[in-house]
Amino acid sequence: MAQKPSIPKGTRDFSPAEVAKRNYISSKMKHHFEVYGFQPIETPSFENSETLMGKYGEEGDRLIFKILNSGDYLKDIRNNLAETGVLIVNFFHILDGIGKVISAGNNVNFEDILGQGLNIFFKSKYEKDLLYEYFQENKLIVTDFYIDFKSKDDSAIMYFRQEFFRGFFEKYIEKAEFFNSKRSTSLISEKALRYDLTVPFARYVVQHQNEIEFPFKRYQIQPVWRADRPQKGRFREFYQCDADVVGSTSLWQEVELVQLYDAVFTDLGLLGATIKINNRKILSGIAEVIGASDKLIDFTVALDKLDKIGEDGVKKEMLEKGISESAIAKVQPLFQFTGTVIEKIEKLSQLLASSEEGKKGVAELQFICETVEKLCLQSAVIDLDVTLARGLNYYTGAIFEVVAPKVAMGSIGGGGRYDDLTGIFDSKNKMSGVGISFGLDRIYLVLEELGLFPETVTATTKALFINYGEQEALYASAALLKLRQAGIKVELYPDASKLAKQFQHADKRGIPFAVLVGEQEIQAQQYSLKNLTTGEQQLLDFEALVQALS
C-alpha cells in the first residue's frame, strides 16, 4: 500500500508565490543590513550539543532537537553496559576475597587486602578511590557478616553481595566517569539542531576572535529549530533574521538599529510601525525604588501584562507574588504613563531620582530617543514603553520591540543590549553587544493582510514560446537565449502538443504573453507576440520583441 505523503508537524511547504514573497522581504532586509555596514555570516544548521545545552535555561534545553549519532551508536551503549558488568564482577571478587580472609580468622589488615584487590581488578584511579572510600565506610558491616561466614547459606551470601553493591551503586555510580550523564548522552547524540542564531554567533565570535575586526557588525538569515508544541503562528522550523554589533558599548549602535528598523519597514511599505523602547536598568531602578529588588522578575513580568489584563489584574498578580501594597502604590504613575517620549523620560527622572542604576537607564534612553528625534525617522514612530520587559534575564541595557500598524499581530521585531555575549564560552573575554531581530513570518502575514506586496514580486515567466515542432523550437530557442541574456524571463513549452493545452498552461501559470513562431515567422525572421489578457497580437522583429517584453 502506497504511503500517504506528509511532513512533520510544525514544518511547512512554501509554494513558488510564497517563496517569492519571502525572498522579497529578506532581500529588502539584506540590502539595508549591508547599507548599514553589517556583514553576512552563516553557521552550521547543527552544533555540538555542548555548545547549545545549558544556554537557554531548563525550558529551552527541552526544546532543543538532538541528532542521533550515525552508525551503530547502540554498540557503544552495549560496551558501556559491558563495562558496568565487569565492574560488578570485579567488585564481587574484592568483596569475596576480603570475606574469605575474615572468615578464615586471619589477622590481616583490612586496608591491605582492599588495596591489593583494587590494584588487581581496577586500572582507573578514579574508580579505585570511589571503591576504597565505600569499603572503608562499610568495613564493619563486611567484617560482621563474614566473621560468622560458615553459618551463612548461599542465598544469604548472594543477597548480601547484591545489597552491598546496590548501596555502592546508589551512592557513587552517578559520579563515575563511565556512567557520567554527559558521556551516556554523547553515546547517543553529540550534536543538535540550531535553536537560535545568538548562541552560535557567540560561539563564532569566540572561535574566530583573532580573525575578526571589532566592533564586528554581522547579519544572519537562517532557519532555526525548536521542539515546541505546534500551534497557530508557532512552528518547529522557522527563520530568524538578526543584525548584531559586538565589541562596542557605544549608544550610537542603538541609534543606528532604530534607524535600521525604520529603513526596512519603510522600504517594505509598512509605514507607521511603532518601535517600542525601554531599558533594563530602568526596570531594575523601579524595583529598587519601591523596595522590591528581590522581586524584580515577578514585578516586571506582571507589569508587562498591563495591556492584556489591565491595571487591576497587574496589581492582583503583584500582590500574589508577594509585592506589598505600599510598593505597588509607589508605581501607580506607571499605570497611566502617557505623554511624548521626552515627557515620559522626565517623569522617569523624577521617579528614579534615588536610584543610581535607574538614572543610568534614563540617561541612556534620553540619548537614544533625543538623537533619533534630531535625525528624524522616515515613517516609524519611537515610543518609550516602561512595561516592556522582554528577555529580562538576557538584556542589560536598551530593550526594543516593534509593533505593526493596523494589524493585531504581536511584535514583528525585537532586540536589545547584552553586556556579556561571549562570556558563555570565554569568561575571561566578555564582549558587549547589541542586536535586533526581524520576525520574517509575522512580517509576511502583515504585508499580506495589508496588501503591501507589489504585483511584480510574484511575477512569473514573462512570455511562453509556443512549441509547433522541432524546427520552430530551434528558432525559438535562439531567441530565448538572447532574451535571457537580457534578463527577461521566458521559456519554451517543452512538447509540441495541442495549442489549447499550451495556452491553458500559460493561463494557469499566470504568464501574460505568448510568442508564436511558425513557418511564416521563421521566413520573415519575426515573432508574433500575443497579449493573453487582451487577446491583442502583433508581429515584431527581435529588437521590438525585446522592448515589448522588457
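Given the structure is predicted, the values throughout are model-derived calculations rather than measurements.
- Not a single donor-acceptor pair under 3.5 Å links the side chain of Ser411 to the backbone N or O of Val402.
- Here CG of Leu492 is found 11.5 Å from OG1 of Thr461. Values are rounded to the nearest 0.5 Å.
- Cation-pi contact between Arg194 and Phe46: absent, since separation from the ring centre below 6.0 Å together with deviation from the ring axis within 45° is not met.
- Judged by distance alone, the side chain of Arg226 and the main-chain N or O of Leu63 form no donor-acceptor pair under 3.5 Å.
- Under the 3.5 Å distance criterion, the side-chain polar atoms of Lys276 are left unmatched by any main-chain donor or acceptor of Val403.
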| request: Might you work through the salt bridge (Lys or Arg N to Asp or Glu O under 4.0 Å) test for Asp61 and Lys55, ending with a clear yes or no? | output: CA-CA 8 Å; Asp61 282 353; Lys55 308 302 191 301; over 6 Å; no
Show the atom names and distances, to 0.1 Å, of all donor-acceptor pairs under 3.5 Å that link a side chain in residues 540-550 to residues at least two apart or in another chain.
{"from": "Asp541", "atom 1": "OD1", "to": "Glu543", "atom 2": "N", "distance (Å)": "3.4"}
{"from": "Asp541", "atom 1": "OD1", "to": "Ala544", "atom 2": "N", "distance (Å)": "2.8"}
{"from": "Ser550", "atom 1": "OG", "to": "Val546", "atom 2": "O", "distance (Å)": "2.5"}

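- No close placement of the Phe38 and Tyr219 rings is indicated, their centers lying 6.0 Å or farther apart.
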| Would Asn531 and Glu536 satisfy side chain to side chain donor-acceptor pair (under 3.5 Å), going step by step from the backbone distance to the final call? | CA-CA 5 Å; Asn531 187 316; Glu536 179 185 355; 5.4 Å; no
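- Remark: Tyr493 OH to Ile466 CD1 distance equals 9.0 Å, nearest 0.5 Å.
- Between Phe201 and Tyr204, the ring-plane angle classifies as parallel under the 30° and 60° cut-offs.
- A cation-pi arrangement is not found for Arg236 relative to Phe65, the charged atom failing to lie both closer than 6.0 Å to the ring centre and inside a 45° cone about the ring normal.
- Side chains of Gln502 and His505: a donor-acceptor N/O pair is absent below 3.5 angstrom, by distance only.
- A salt bridge is defined here as a Lys NZ or Arg NE, NH1 or NH2 lying under 4.0 Å from an Asp or Glu carboxylate O, and Glu448 with Lys21 meets this definition.
- Geometrically, Arg12 engages Phe235 in a cation-pi contact defined by less than 6.0 Å to the ring centre and at most 45° from the axis.
- One finds the CG atom of Leu384 at 9.5 Å from the CD1 atom of Ile342 (value rounded to the nearest 0.5 Å).
- Atom CD of Glu455 has 12 or fewer neighbouring heavy atoms from other residues, nucleotides or ligands inside a 6.0 Å radius.
- When only modelled atom types and interatomic distance are considered, Glu521 and Ser528 share a side-chain donor-acceptor pair under 3.5 Å.
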Solution key, residues 260-274 side-chain donor-acceptor pairs under 3.5 Å, sequence neighbours excluded:
{"from": "Tyr261", "atom 1": "OH", "to": "Gly414", "atom 2": "N", "distance (Å)": "2.8"}
{"from": "Tyr261", "atom 1": "OH", "to": "Gly414", "atom 2": "O", "distance (Å)": "3.3"}
{"from": "Tyr261", "atom 1": "OH", "to": "Ser437", "atom 2": "O", "distance (Å)": "2.8"}
{"from": "Asp262", "atom 1": "OD1", "to": "Thr266", "atom 2": "OG1", "distance (Å)": "3.3"}
{"from": "Asp262", "atom 1": "OD1", "to": "Gln378", "atom 2": "N", "distance (Å)": "3.4"}
{"from": "Asp262", "atom 1": "OD1", "to": "Ser379", "atom 2": "N", "distance (Å)": "3.0"}
{"from": "Asp262", "atom 1": "OD1", "to": "Ala380", "atom 2": "N", "distance (Å)": "2.8"}
{"from": "Asp262", "atom 1": "OD2", "to": "Gln378", "atom 2": "N", "distance (Å)": "2.6"}
{"from": "Thr266", "atom 1": "OG1", "to": "Asp262", "atom 2": "O", "distance (Å)": "2.6"}
{"from": "Thr266", "atom 1": "OG1", "to": "Ser379", "atom 2": "OG", "distance (Å)": "2.6"}
{"from": "Asp267", "atom 1": "OD1", "to": "Lys28", "atom 2": "NZ", "distance (Å)": "3.3"}
{"from": "Asp267", "atom 1": "OD2", "to": "His32", "atom 2": "NE2", "distance (Å)": "2.9"}

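- Under the 6.0 Å distance and 45° angle rule, Lys530 counts as a cation-pi partner of Phe503.
- When ring centroids are compared, Phe438 and Tyr239 stay outside the 6.0 Å threshold.
- The pair Lys217-Glu256 counts as a salt bridge, with a side-chain nitrogen and a carboxylate oxygen less than 4.0 angstrom apart.
- Residues meeting the side-chain contact (heavy atoms from CB on, under 4.5 Å) test with Glu50, sequence neighbours left out: Asn48.
- In terms of the side-chain contact (heavy atoms from CB on, under 4.5 Å) criterion, residue partners of Lys406 (sequence neighbours excluded) are, by chain and number, Leu450.
- Heavy-atom minimum distance, Lys305 versus Val301: CG-O, 3.4 Å.
- Side-chain contact, Ser284 with Arg280: a donor N or O sits under 3.5 Å from an acceptor N or O.
- By the 4.5 Å heavy-atom criterion applied to side chains, Lys347 and Thr338 are counted as neighbours.
- Within the structure, every pair that satisfies the salt bridge (charged side-chain N to carboxylate O under 4.0 Å, His left out) test and touches residues 369-383, not counting sequence neighbours, is listed here: Lys344-Asp383.
- A side-chain donor from one of Asp196 and Tyr56 sits under 3.5 Å from a side-chain acceptor of the other.
- Remark: the Tyr418 side chain and the Asp244 side chain contain an N/O donor-acceptor pair separated by less than 3.5 Å.
- Closest of all the heavy-atom pairs between Ala398 and Ile368 is CB-CD1, 4.3 Å.
- Ring pair Tyr527/Tyr475: centre-to-centre distance below 6.0 Å.
- Partners of Glu47 according to the salt bridge (Lys or Arg N to Asp or Glu O under 4.0 Å) rule, which considers only residues two or more places apart in sequence or in another chain, are Arg203.
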| query | Does the pair Ser497 and Asp495 meet the rule for a side chain to side chain donor-acceptor pair (under 3.5 Å), with working shown? | reply | CA-CA 5 Å; Ser497 55; Asp495 303 305; 5.7 Å; no
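- The closest donor-acceptor contact from the side chain of Thr422 to the backbone of Asn429 lies under 3.5 Å.
- Rounded to the nearest 0.5 Å, atoms CZ (Arg218) and CD1 (Ile41) are 5.0 Å apart.
- For the atom pair Lys9 NZ and Arg229 CZ, the distance stands at 10.5 Å (nearest 0.5 Å).
- Residues Gln39 and Glu213 have side chains that never bring a donor and an acceptor to within less than 3.5 angstrom of each other.
- Here the straight-line distance linking atom CD of Glu491 with atom NZ of Lys462 works out to 14.0 Å at 0.5 Å rounding.
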| query | For Glu288 and Ser355, what are the C-alpha separation, side-chain angles and deciding distance, and is it a side chain to side chain donor-acceptor pair (under 3.5 Å)? | reply | CA-CA 7 Å; Glu288 178 188 344; Ser355 169; 2.9 Å; yes
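- In this structure, Trp252 and Phe367 have perpendicular ring planes: the angle between them is above 60°, well past the 30° mark.
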| field | Residue pair Gln220, Gln240: steps toward the side chain to side chain donor-acceptor pair (under 3.5 Å) verdict | value | CA-CA 8 Å; Gln220 202 170 345; Gln240 287 191 339; over 6 Å; no
